[in-house]
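Input: a single structure, listed below in structure tokens.
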Amino acid sequence: PARPAAAHDSSGAGFAIDELGRGIEITEELPDSRTRAALFGQVRRSLGAGQSLELGGRLYTDSWGIDSLTVEPRYYRSLSPDWLLRLRYRYYTQTAADDFEETFPLAAGTPDERTQDSDLGEYDSNTCGTRLDWGGQESSWNVSLDYVLRSDGLDQLLFGIGWSRSF
């Protein structure tokens, strides 16, 4: 017999969402507030006519227990007066939030605050990307492509199109 998907007991635990899943649903509960602090910096150096190299970095910490480090070198190349090519690499690493677990064994009791959100877990990522900008002072366009490899297997391919207009 099928179990109702929305059934929960008083602990916030529920029944299996479908018959193929083993285990039960447990709701995510996190603190109501979060304090964040970040230190960011970047330097850019000209490599000659129409070329520059930039190095950026960030240190981050928050009250949920996440600490992270980002290092991002970029290369800029002017292709013509109205066209700019950007190449970038980004390394990112973070610790898991205090309340993150991949599983919550019921025998140990369900913690008051809990999450299984992989973006709040420990992982690192490597991103390679490119962006092409064109246009003038009043209006410009850009297209970008980034490939993200994450240690937790949530790899991504990101494509973007942008338009900006000054007024």
Side-chain angles (χ1 to χ4, degrees), residues 17 20-21 23 25-104 111 113-167:
I17 293 176
L20 300 176
E25 175 188 12
I26 298 177
T27 60
E28 178 179 80
E29 299 292 335
L30 289 167
D32 291 335
S33 64
R34 186 177 186 183
T35 304
R36 302 172 185 205
L39 179 63
F40 173 81
Q42 66 186 49
V43 293
R44 187 180 298 170
R45 177 168 173 83
S46 173
L47 299 176
Q51 296 182 76
S52 66
L53 193 59
E54 179 180 281
L55 180 62
R58 183 183 82 150
L59 294 171
Y60 170 92
T61 190
D62 68 28
S63 61
W64 287 5
I66 296 176
D67 297 315
S68 72
L69 168 73
T70 306
V71 178
E72 187 169 349
R74 293 180 181 214
Y75 173 74
Y76 297 83
R77 173 73 182 189
S78 177
L79 303 176
S80 74
D82 294 334
W83 291 78
L84 177 66
L85 175 66
R86 305 175 192 206
L87 302 175
R88 77 176 187 136
Y89 169 77
R90 178 180 186 253
Y91 174 74
Y92 176 80
T93 185
Q94 82 172 32
T95 61
D98 295 337
D99 302 315
F100 174 83
E101 292 291 335
E102 289 188 20
T103 61
F104 295 101
E113 293 175 344
R114 58 201 175 265
T115 183
Q116 291 179 297
D117 183 342
S118 59
D119 284 339
L120 298 177
E122 181 177 355
Y123 72 93
D124 48 65
S125 69
N126 295 278
T127 302
C128 293
T130 186
R131 177 173 152 168
L132 184 62
D133 294 73
W134 68 95
Q137 294 284 353
E138 292 183 18
S139 177
S140 64
W141 288 88
N142 68 70
V143 293
S144 62
L145 183 66
D146 288 304
Y147 185 56
V148 183
L149 290 170
R150 284 179 45 154
S151 62
D152 60 2
L154 294 175
D155 302 341
Q156 304 163 36
L157 183 61
L158 307 170
F159 175 73
I161 299 175
W163 176 69
S164 64
R165 176 160 168 74
S166 299
F167 54 92

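The side-chain heavy atoms of Glu29 and Asp99, taken from C-beta on, include no pair separated by under 4.5 Å. At least one side-chain heavy atom of Leu149 sits under 4.5 Å from a side-chain heavy atom of Tyr147. The shortest distance between side-chain heavy atoms of Leu120 and Leu30 falls below 4.5 Å. Counting heavy atoms from C-beta outward, Leu157 and Leu145 have side chains that approach closer than 4.5 Å.
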query: Given Glu122 and Ser151, is the side-chain contact (heavy atoms from CB on, under 4.5 Å) satisfied, shown in steps?
result: CA-CA 9 Å; Glu122 181 177 355; Ser151 62; over 6 Å; no

- request: Kindly indicate, with the supporting measurements, whether the criterion side-chain contact (heavy atoms from CB on, under 4.5 Å) is fulfilled by Tyr89 and Asn126.
  value: CA-CA 7 Å; Tyr89 169 77; Asn126 295 278; 2.3 Å; yes

message: With side chain to side chain donor-acceptor pair (under 3.5 Å) as the criterion, how do Tyr75 and Gln51 come out once you've worked through the C-alpha distance, each side chain's angles and the decisive distance to 0.1 Å?
response: CA-CA 7 Å; Tyr75 173 74; Gln51 296 182 76; 2.4 Å; yes

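Residues passing the side chain to side chain contact (heavy atoms under 4.5 Å, CB included) test with Asp152 are Ser118, Tyr123, Arg150, Leu154, sequence neighbours excluded. Under the side chain to side chain contact (heavy atoms under 4.5 Å, CB included) criterion, Thr95 pairs with Asp67, sequence neighbours left out.
Contact between Phe40 and Arg58 at its shortest, heavy atoms only, is CD1-CB, 4.1 Å. Of all non-hydrogen atoms in Asp98 and Gly65, the two that sit nearest each other are OD1-CA, 3.5 Å. Of all non-hydrogen atoms in Gln116 and Glu28, the two that sit nearest each other are N-OE2, 4.4 Å.
Of the inter-residue distances, the one linking Leu87 atom CG with Arg77 atom CZ reads 11.0 Å to the nearest 0.5 angstrom. For the atom pair Arg86 CZ and Arg74 CZ, the distance stands at 7.0 Å (nearest 0.5 Å). Atom CG of Asp82 sits about 12.0 Å away from atom CH2 of Trp134, to the nearest 0.5 Å. Between the CZ atom of Arg131 and the CG atom of Leu84 there is a distance of 8.5 Å, given to the nearest 0.5 Å. Atom CD1 in Ile66 sits 6.0 Å away from atom OH in Tyr60 (nearest 0.5 Å). One finds the CG atom of Leu69 at 7.0 Å from the OH atom of Tyr91 (value rounded to the nearest 0.5 Å).
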If you look only at distance, which donor and acceptor atoms sit under 3.5 Å apart when one is on a side chain in residues 160-167 and the other is two or more places apart or in another chain?
residue	atom	partner	partner atom	Å
Trp163	NE1	Ser139	OG	2.9
Ser164	OG	Ser140	OG	2.9
Ser166	OG	Gln137	O	3.4

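Judged purely by atom type and a 3.5 angstrom limit, Ser78 has no side-chain atom pairing as donor or acceptor with the backbone of Gly50. Judged by distance alone, with hydrogens and angles left aside, the side-chain atoms of Gln94 form a donor-acceptor pair with the main-chain N or O of Asp119 at under 3.5 Å. Of the possible polar contacts, one joining the Arg114 side chain to the Thr27 backbone as a donor-acceptor pair under 3.5 Å is found. Of the possible donor and acceptor atoms, none in the side chain of Thr61 sits under 3.5 Å from a partner among the backbone N and O of Arg36.
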